[in-house]
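Per chain, numbering begins at 1; letters A, B, ... match sequence-line order.
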Number of protein chains: 2
Amino acid sequence: MDPLSLPANQSCPIARSLAVLGQKWNLLLLREAFFGRTKYAEFQRIGVPSGTLGARLDALVDAGLLERRAYQEKGERTRDEYVLAEAGRDVMPVLAALIQWGETHLPKERGADVTYTTTTIEGSPVRLEFVDDRGTAVSRDAVIIARQARTATASG
Amino acid sequence: MDPLSLPANQSCPIARSLAVLGQKWNLLLLREAFFGRTKYAEFQRIGVPSGTLGARLDALVDAGLLERRAYQEKGERTRDEYVLAEAGRDVMPVLAALIQWGETHLPKERGADVTYTTTTIEGSPVRLEFVDDRGTAVSRDAVIIARQARTATASG
DNA sequence: ACCCTGACTTCATTATTTCTACTCAGCATG
DNA sequence: CATGCTGAGTAGAAATAATGAAGTCAGGGT
């Protein structure tokens, strides 16, 4: 069943996000896009079968996460490349959250030769945190997910 | 193909996290867990078929995200309930990131009667942000995902 | 003009998810 | 104490999606 067929899930932004981001390979493709990969063959290298890759790239373009651009290298035919669009760049916190969770709870068994972290461009480490209106950090245990009824008349 | 069959993905904490969290329904089940749901029938209400539900609850327990507890209401037989374990509570930032992305990029078309937000227990809104070592907020555009080689000798 | 290369698509096979019917434990009833 | 009722949880067939290999197509080199 598609979760979004239930109205209760349609009104949940988690379920709506997962309809796009939850498809197999999509978040790994976006990871590659954040590493600067743009070409079909570069994406294919992560192990996604080519049939799936074409379908996923189309879906990510349709959803506005990637932008399709024609390019042509000299002596080559024209091809498509895929670069992060605004909505795609906004997926960074999702990836960062997954990195933090994975590094904490699924540390590599043996042969852990590579670590993933989030850093500033200059290289100093950054992490995701909950902050309140004044920018003060809030402990995760003090945070709850709230479902708020929105008055149909004056929501903004 | 399982992404983790490639060594390059095994060393990626995103791929490792998705092996657990990326299974269909799992993040929606955890959402319900954060809302305080613990019983089989409560989880079933989100639309997951019972066959899948049993398999997913088992997997989440095995992965240490949920803790299975026997309980018995008076006049009823003993049953199992499922409460968030430490690793499960740590999924909160992932859900928060998905909420923020969904609310921004997939706003409900019409009939948007409910909003999801993250708040403190007292009800003041909180949001996810990148912060550096000193707790200063860092713009998302200044953040990159870095793959760092870890010295193989001292890793254990 | 013809073959070669590599991006991208299509289709039969295979793995997952889903649906339906079933089992099983405990209580209420007789 | 046996019988039937209720709802949690489980085990198999049908539908759906992912996979892998073969095919298509555009350009360049010879």
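Judged by closest nucleotide on DNA chain D, B:Tyr40 is the one of A:Gly47 and B:Tyr40 placed further toward the 5' end. Annotation: of the two residues near DNA chain C, A:Gln44 and A:Pro3, the 5′-most nearest-nucleotide partner is A:Gln44.
Within the 4.0 angstrom heavy-atom criterion, only backbone atoms of the sugar-phosphate kind lie near A:Lys24; the bases stay farther away. If you check every strand for non-hydrogen atoms under 4.0 Å, A:Ala55 touches nothing.
If you take NZ of B:Lys39 and P of D:dA8, they are 10 Å apart, rounded to a whole angstrom. Protein atom CD of B:Gln72 is 14 Å distant from nucleotide atom P of D:dA8, rounded to whole Å. Here the C1' atom of nucleotide D:dA17 and the CG atom of A:Asp58 are 16 Å apart, to the nearest Å. To the nearest angstrom, P of C:dC8 lies 11 Å from CD of A:Glu42. Counting to the nearest Å, the C1' atom of C:dC8 and the CG atom of A:Asp80 are 9 Å from each other. C:dT16 atom C1' lies 16 Å from atom CG of A:Asp2, rounded to whole Å. Protein atom CG of A:Leu60 is 16 Å distant from nucleotide atom C1' of C:dC8, rounded to whole Å. Rounded to an integer number of Å, the gap from OH of B:Tyr71 to C1' of D:dA8 is 8 Å.
To the nearest 0.5 Å, atom OG1 of residue A:Thr52 and atom CH2 of residue A:Trp25 are 8.0 Å apart.
Side-chain atoms of A:Ser50 and base atoms of C:dT9 include a donor and an acceptor less than 3.5 Å apart.
Under the 3.5 Å distance criterion, with hydrogens and angles disregarded, no donor-acceptor pair is assigned to the side chains of A:Ser124 and A:Glu122.
At D:dT19, one or more side-chain N or O atoms of A:Trp25 fall inside 4.0 Å of OP1 or OP2 (strictly under the cut-off). Contact annotation: B:Arg77 does not reach the phosphate of D:dT6 (side-chain N/O to OP1 or OP2, under 4.0 Å).
The minimum heavy-atom distance linking A:Leu95 with A:Leu27 is given by the pair CD2-O, 3.8 Å.
Salt bridge status for B:Arg45 with B:Glu42: absent, with no side-chain N to carboxylate O gap under 4.0 Å.
Listed nucleotides C:dT18, D:dA8, D:dT19 differ in distance to B:Arg79; the shortest reach to its side chain belongs to D:dA8. Among D:dG9, C:dT17, C:dG26, the nucleotide with an atom closest to any side-chain atom of B:Tyr82 is D:dG9. Listed nucleotides: C:dT17, D:dG27, D:dA18. Nearest to the side chain of B:Thr52: C:dT17.
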### Task
Go through the steps for B:Arg68 and B:Asp58 under the test side chain to side chain contact (heavy atoms under 4.5 Å, CB included), then give the verdict.
CA-CA 9 Å; B:Arg68 197 195 309 269; B:Asp58 284 351; 3.1 Å; yes
